[in-house]
Amino acid sequence: SQQGEEDPQALSIQEGENATMNCSYKTSINNLQWYRQNSGRGLVHLILIRSNEREKHSGRLRVTLDTSKKSSSLLITASRAADTASYFCATPRNSGNTPLVFGKGTRLSVIA
Amino acid sequence: DTAVSQTPKYLVTQMGNDKSIKCEQNLGHDTMYWYKQDSKKFLKIMFSYNNKELIINETVPNRFSPKSPDKAHLNLHINSLELGDSAVYFCASSQLGQGAYEQYFGPGTRLTVT
């Protein structure tokens with residue numbers, strides 16, 4: 001069964017604006033991961049945030065995790081046309097050493 | 001240097017044929033995976049191997065048979081291809097198992113069954 005659900009399904013913004021994507025999940029997790037997929041390419045890992053962390057940064061990316069609400073957000077600041085891609089959150093299916101389950105993704109379009 | 005590579009990138013074949021997809025990682029990772037991504041971009045795990053041993057088989061039809069000759073390689077053989085097998089297949093690897101570590105994906109193999 002699906003674990004993570006991204007919201008919105010699609011997002012279109014102007015270059016320079018910030019983009020926020022959300023992910024909700026169902027069960028307890030020990031980490032949550034965000035991936036990017038450019039059209040016709042494989043997924044690229046962006047950030048892994050562990051359950052005892054509330055916020056993590058990587059360059060223009062900021063990820064938050066709220067375990068009480070079972071939700072995470074990915075913020076891309078000062079977006080660029082090259083950020084156009086699909087963004088997926090992924091969580092272990094259950095606690096412990098279980099496979100990653102991916103959401104359906106948010107399709108981000110950044111218009112120059 | 002390519003971290004996770006797959007061949008071929010595109011595969012077009014007819015129903016009933018048998019085909020293989022190869023995957024190699026040069027990251028020294030212990031765990032490798034096969035995922036299937038459907039036309040709606042939904043990505044689902046098929047198999048997971050840890051150091052050549054099958055760890056996860058996600059109720060995939062037994063027409064799909066993974067093989068890991070060593071921990072750097074994980075190949076996928078598909079017998080009697082069906083129209084519903086059309087998808088993009090991704091190989092991935094991680095340092096250690098399952099969902100605890102970030103995964104590195106190959107570029108994908110787009111399989112079209114006609």
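Proteins get letters first, then strands, A, B, ... in listed order; numbering begins at 1 in each.
- Residues B:L54 and B:F64 share a hydrophobic cluster, clusters being chains of Ile/Leu/Val/Met/Phe/Trp/Tyr side chains in contact below 4.5 Å.
- Only the side chain of B:Y35 comes within less than 4.5 Å of a heavy atom in chain A; its backbone stays farther off.
- Using a 4.0 Å cut-off between a side-chain N of Lys or Arg and a carboxylate O of Asp or Glu, A:R93 and B:E58 qualify as a salt bridge.
- The greatest number of non-hydrogen atom pairs below 4.5 Å with chain A, out of B:Q37, B:K40, B:K9, is found for B:Q37.
- Side-chain heavy atoms closer than 4.5 Å link hydrophobic residues (I, L, V, M, F, W, Y) into clusters, and following such links, even through other members, never connects A:L75 to A:L46.
- Contacts of B:K44 with chain A are absent, with no heavy-atom separation under 4.5 Å from either backbone or side chain.
- With sequence neighbours left out, A:N31 forms a side-chain contact (heavy atoms from CB on, under 4.5 Å) with A:Q33, A:L48, A:R50, A:P92.
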